[in-house]
Trainee: 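Okay, here's the structure, questions in a sec.
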There are 2 protein chains.
Amino acid sequence: MPRPRTPLLSTDRIADAAMELVDEGAPFGVNAIARRLGVTPSSLYNHVRGRDEIVELMRGRLGERYLPQLVGGTWDEVVEGSLRAQRRMYAEHPFLIPLIVEQTITDPTVIASYDHLATTLAAAGFPEDDVLDVVAIIDAFSIGMGLDLASPDEVWAPETPTETLGRLVAVGPRGAARSDRAFESGLELLLDGLRLRLARYELD
Amino acid sequence: MPRPRTPLLSTDRIADAAMELVDEGAPFGVNAIARRLGVTPSSLYNHVRGRDEIVELMRGRLGERYLPQLVGGTWDEVVEGSLRAQRRMYAEHPFLIPLIVEQTITDPTVIASYDHLATTLAAAGFPEDDVLDVVAIIDAFSIGMGLDLASPDEVWAPETPTETLGRLVAVGPRGAARSDRAFESGLELLLDGLRLRLARYELD
DNA sequence: ACCTGAACACCGTTCAAGT
DNA sequence: ACCTGAACACCGTTCAAGT
């Protein structure tokens with residue numbers, strides 16, 4: 001069946017199939033996508049440069065879906081909105097995190113959202129020298145908490161006896177509930193820290 | 001050459017070879033390790049359960065090397081020491097980060113260091129309900145900044161024109177220097193936030 | 001332009017065979 | 001106990017051939 005008159009594939013169909021696999025937690029790869037689409041792996045290369053581009057396609061798709069609504073407001077609302085948007089994205093597509101983490105960002109939507117963050121922080125009074133650091137910190141926190149969310153429950157389940165950790169783990173919430181608590185706590189910490197810093201700048 | 005009277009392999013030799021590969025940034029895997037050791041891939045399975053165990057072996061080895069020295073001091077010294085120790089570890093073995101990030105922690109040394117952190121925070125007056133959150137936040141920041149360090153220079157080099165980001169990237173430091181700056185800034189932010197929180201607790 | 005099928009150079013893992 | 005070699009079931013990617 002070579003060259004059907006109406007094409008079987010497109011970057012969109014490929015991205016759809018890829019997202020399906022990832023959301024099911026199924027093994028992700030060029031071959032798996034081809035199988036799901038009832039097509040030969042080599043067919044995909046007519047539409048896509050390879051595995052990395054498919055991952056980047058997914059990042060872009062999620063970026064468009066989750067990131068644009070962070071527009072107005074005060075600087076701390078923008079920071080909070082940006083972090084919550086990413087959090088929702090990671091929470092609803094946890095298996096994507098390990099994939100996108102090991103790849104450089106090229107998607108313009110994602111870049112644009114970081115640019116917006118940088119512009120807002122600069123306008124709020126953060127010195128230009130520090131803005132990039134703050135963006136990196138926000139990004140690190142977001143990614144780190146994303147991985148925390150994606151990791152299995154047993155991350156904090158030690159096999160050897162512990163002084164404190166084991167007890168706290170046993171008493172506290174588990175899984176997504178635990179990670180969500182930590183995210184909220186961290187968000188508050190981050191915003192408090194940034195407000196304090198801004199206040200100090202304004203003393204000078 | 002079956003069954004040499006003095007064994008060619010051991011978990012230690014395997015871990016050594018694995019670390020060498022990772023530190024060179026060479027492709028990491030069972031086959032590559034075997035090649036480096038002048039041995040058949042299947043030989044490794046006499047000493048090790050598989051790829052995952054080799055990664056865990058490396059994590060343990062680095063844990064023993066970098067983490068133990070965080071013992072005494074005030075709670076914020078312990079937090080700072082713990083973060084700096086991990087930072088040094090990631091900085092000196094950046095290619096390890098993507099590997100360990102996608103795997104659950106089972107190594108007792110690493111668990112012990114988190115336990116120590118939890119014990120210290122609880123003793124300092126952080127409510128037990130919040131200690132686990134704080135540990136997760138510290139971990140997220142550490143991992144996130146580790147990935148930031150490991151990622152190529154071009155992460156923040158947008159292809160499309162930007163309002164602020166592109167200019168800041170052009171002016172500021174690059175590579176490890178940029179990441180180190182952000183780490184220092186984030187560490188300060190984290191400690192300030194935690195001190196503020198502790199002070200609030202003590203008001204009640 | 002778009003798909004197939006064969007081919008290539010890889011993976012990680014298992015297992016019988018050898019000493 | 002410890003290594004080999006063959007085998008298995010995978011990867012991602014390239015490319016000539018077909019319409």
Side-chain angles (χ1 to χ4, degrees), chain A residues 1-22 24-60 95-96 98-104 106 152, chain B residues 1-22 24-60 95-96 98-104 106 152:
Chain A
M1 190 222 302
R3 173 76 165 123
R5 62 176 66 85
T6 150
L8 298 173
L9 296 178
S10 68
T11 51
D12 261 359
R13 291 171 115 80
I14 292 171
D16 283 340
M19 280 301 310
E20 280 177 36
L21 282 174
V22 162
E24 291 167 12
F28 169 83
V30 177
N31 292 299
I33 295 171
R35 272 193 298 275
R36 168 145 317 208
L37 291 168
V39 123
T40 271
S42 54
S43 308
L44 301 180
Y45 289 79
N46 287 300
H47 303 267
V48 137
R49 255 188 304 275
R51 189 198 138 104
D52 286 2
E53 187 174 326
I54 298 176
V55 171
E56 205 52 26
L57 233 46
M58 290 192 284
R59 197 206 305 265
F95 296 107
L96 189 69
L99 295 177
I100 63 173
V101 133
E102 57 186 28
Q103 214 164 279
T104 305
T106 66
Chain B
M1 189 222 300
R3 173 75 166 126
R5 60 177 66 86
T6 149
L8 297 173
L9 296 177
S10 66
T11 51
D12 261 359
R13 291 169 115 80
I14 292 171
D16 283 341
M19 281 302 311
E20 279 178 37
L21 282 173
V22 162
E24 291 167 13
F28 169 82
V30 177
N31 293 299
I33 295 171
R35 272 195 297 276
R36 170 146 315 208
L37 291 168
V39 123
T40 271
S42 54
S43 309
L44 301 180
Y45 288 78
N46 288 300
H47 304 267
V48 136
R49 256 189 304 275
R51 189 198 139 103
D52 286 2
E53 188 173 323
I54 299 176
V55 171
E56 205 52 26
L57 232 48
M58 288 192 286
R59 196 206 302 266
F95 296 107
L96 189 68
L99 296 178
I100 63 173
V101 134
E102 58 185 28
Q103 212 164 283
T104 304
T106 66

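Below, chain A is the first sequence line, B the second, and so on; all start at residue 1. For the numbers below, each heavy atom of this structure counts, side chains included, while hydrogens, waters and symmetry mates do not.
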Trainee: Can you tell me how far P of D/dC11 sits from CG of A/L44, to the nearest Å?
Mentor: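 These atoms are roughly 13 Å apart.
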Trainee: Within this structure, what is the CE-CG distance for the pair B/M58 and B/L99, rounded to the nearest 0.5 Å?
Mentor: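 Reported value, rounded in 0.5 Å steps: 5.5 Å.
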Trainee: Could you tell me if the side chain of B/M19 sits less than 4.5 Å from the side chain of B/F28, heavy atoms only?
Mentor: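 No; the side chains remain at least 4.5 Å from each other.
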Trainee: What does the 5'-to-3' dot-bracket notation of DNA chain D look like when only Watson-Crick and G-U wobble pairs under 3.5 Å count, and pairs to other strands show as |?
Mentor: ||.|||||...|||||.||
Trainee: Just the rounded figure in Å: distance from C1' of D/dT14 to CZ of A/R49.
Mentor: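 Distance, rounded to whole Å: 16 Å.
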Trainee: Can you measure B/L9 atom CG to D/dC3 atom P for me and round it to whole angstrom units?
Mentor: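 Taking atom P of D/dC3 as the reference, CG of B/L9 is at 4 Å.
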Trainee: How many Å lie between CG on A/N46 and P on C/dC3, as a whole number?
Mentor: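 Between P of C/dC3 and CG of A/N46: 6 Å.
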Trainee: Kindly compute the distance separating CG (B/L44) from OG1 (B/T11), expressed to the nearest 0.5 Å.
Mentor: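 Separation between the atoms: 11.5 Å.
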Trainee: OP1 or OP2 of C/dC3 less than 4.0 angstrom from a side-chain nitrogen or oxygen of A/H47, does that happen here?
Mentor: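 Yes, because at least one side-chain N or O of A/H47 sits under 4.0 Å from OP1 or OP2 of C/dC3.
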Trainee: Checking B/R35 now: which residues fulfil salt bridge (charged side-chain N to carboxylate O under 4.0 Å, His left out) with it, not counting sequence neighbours?
Mentor: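 None.
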Trainee: A side-chain contact here means heavy atoms from C-beta on lying under 4.5 Å apart; do A/L96 and A/R59 qualify?
Mentor: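 No, their side chains stay 4.5 Å or more apart.
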Trainee: Let's see if you get this right: which residues in residues 24-37 of chain B place a heavy atom under 4.0 Å from DNA chain D?
Mentor: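 Nucleic-acid contacts, sorted: none.
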Trainee: Would you list the pairs meeting side chain to side chain donor-acceptor pair (under 3.5 Å) in which at least one residue belongs to residues 44-54 of chain A, sequence neighbours left out?
Mentor: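 Matches after skipping sequence neighbours: A/R49-A/E53.
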Trainee: When you match B/S43 and A/P41 each to their closest nucleotide on DNA chain D, which lands nearer the 5' end?
Mentor: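 Result of the comparison: B/S43.
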Trainee: Can you find a heavy atom in the side chain of B/L21 that is under 4.5 Å from one in the side chain of B/F95?
Mentor: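 Not in contact.
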Trainee: State which residues pass salt bridge (charged side-chain N to carboxylate O under 4.0 Å, His left out) with A/R13; sequence neighbours excluded, sorted by chain then number.
Mentor: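 Listed in chain order: nothing, the list is empty.
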Trainee: Starting at the 5' end of DNA chain D, which residue's closest nucleotide do you reach first, B/V39 or A/R51?
Mentor: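 Upstream on the strand: B/V39.
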Trainee: Could you give the side-chain donor-acceptor pairs of residues 36-43 of chain A under 3.5 Å, partners two or more places apart or in another chain?
Mentor:
residue: A/R36; atom: NH1; partner: A/E20; partner atom: OE1; Å: 3.0
residue: A/R36; atom: NH1; partner: A/E24; partner atom: OE2; Å: 2.9
residue: A/R36; atom: NH2; partner: A/E24; partner atom: OE1; Å: 3.1
residue: A/S43; atom: OG; partner: A/T40; partner atom: O; Å: 3.1

Trainee: Whole angstrom is fine here: how far is it from OH in A/Y45 over to C1' in C/dA1?
Mentor: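 Roughly 19 Å, once rounded to whole Å.
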Trainee: Specify the separation, in whole Å, of atom CD1 of A/I54 and atom P of D/dT13.
Mentor: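 In whole Å, D/dT13 P lies 8 Å from A/I54 CD1.
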